[in-house]
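Sequence positions, counted from 1, serve as the residue numbers for this chain. In listed order, ligands and their atoms are each counted from 1.
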Amino acid sequence: MTAVYNEHCRDCPRLAAFLDQVKAKHPTYFCKPVPPFGSDQAALLVVGLAPGLHGANATGRPFTGDWCSDLLYGTLHAYGFAKKPRSIAADDDQALINCRLTNAVKCLPPENKPTPLEVNTCLRYLKNEILLIKPKVIVALGAVAHNAVLSCLSAEDKTIRRSAFKFAHGAVHQCGPYRLIDSYHPSRYNTNTGRLTPEMFRAVFAKVREYV
Ligand code: URA
């Protein structure tokens, strides 16, 4: 089994250079590939896009310390997947329960937008993580995460065709042994524009609870 995470990875030159730049401006920030959070025995794997500048990239924990944090951890807590409703720092005593959080891209991308090549380069970690954990349910937060998960699954099992599974909020896809559930990403843009409401987000995790 190969790595699910490499703290020293600098395979994407643009991302490595950006991390160096951000570190120079914010010396206290983590500014490295952000490791997954939660047990490798978890039945639920939640896959985000990539670390946020002042959140995961600053604290070193996915979805911790920024805008997305309260909605995601608050919802996980409401459904019994997190010990506490907030995640503010890596040493805040937060813990996930039968749940693990990871990102499709482990390094902070400029403007929250990894290139297709960067997503592709990082896929091996996500693929190894899925193979290691064998989660019952995978929640994809956004279309990039959805496509990344499907690329991992179809690389392992040729009967899983990416084109057969379209991203849609609330959709439940049976992909081989995995149940993939889609949600809009809990980003500031999506919540501010009303594309994703707290109720819509809760409905996704209510659905997860039917299976986990
Ligand atoms: N923080 C993360 O860790 N991932 C996201 O997708 C967004 C914010």
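Against a heavy-atom cut-off of under 4.0 Å, Pro62 is close to the following atoms of ligand 1: 3 (O). Shown in contact with Gly52 at under 4.0 Å from a heavy atom are these atoms of ligand 1, numbered in order with element: 1 (N), 8 (C). Contact atoms of ligand 1 toward Leu49: 5 (C), 6 (O) (distance under 4.0 Å to a heavy atom of the residue). Within ligand 1, counting atoms from 1 as listed, the ones closer than 4.0 Å to a heavy atom of Ala56 are 3 (O).
Residue contacts with ligand 1: His185 is included, with a non-hydrogen atom under 4.0 Å away.
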Exercise for the section: Under the salt bridge (charged side-chain N to carboxylate O under 4.0 Å, His left out) rule, what do Asp20 and Arg10 come out as? Steps first, then yes or no, please. Expected result: CA-CA 11 Å; Asp20 292 345; Arg10 290 179 67 89; 2.7 Å; yes
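Between Asn103 and ligand 1, an N or O atom pair is found at a separation short of 3.5 Å. When only interatomic distances are considered, the shortest N/O to N/O separation between Gly48 and ligand 1 does not fall below 3.5 Å.
Using modelled atom types, one finds no donor on one side chain facing an acceptor on the other under 3.5 Å when comparing His26 with Asn57. A donor-acceptor pair shorter than 3.5 Å can be found between the side chains of Ser151 and Arg162.
Here the straight-line distance linking atom NE2 of His185 with atom CG of Leu72 works out to 8.5 Å at 0.5 Å rounding.
Atom 5 (C) of ligand 1 has its closest protein heavy atom at Ala50 O, 3.0 Å.
No close placement of the Phe205 and His77 rings is indicated, their centers lying 6.0 Å or farther apart.
Geometrically, Arg209 does not engage Tyr79 in a cation-pi contact defined by less than 6.0 Å to the ring centre and at most 45° from the axis.
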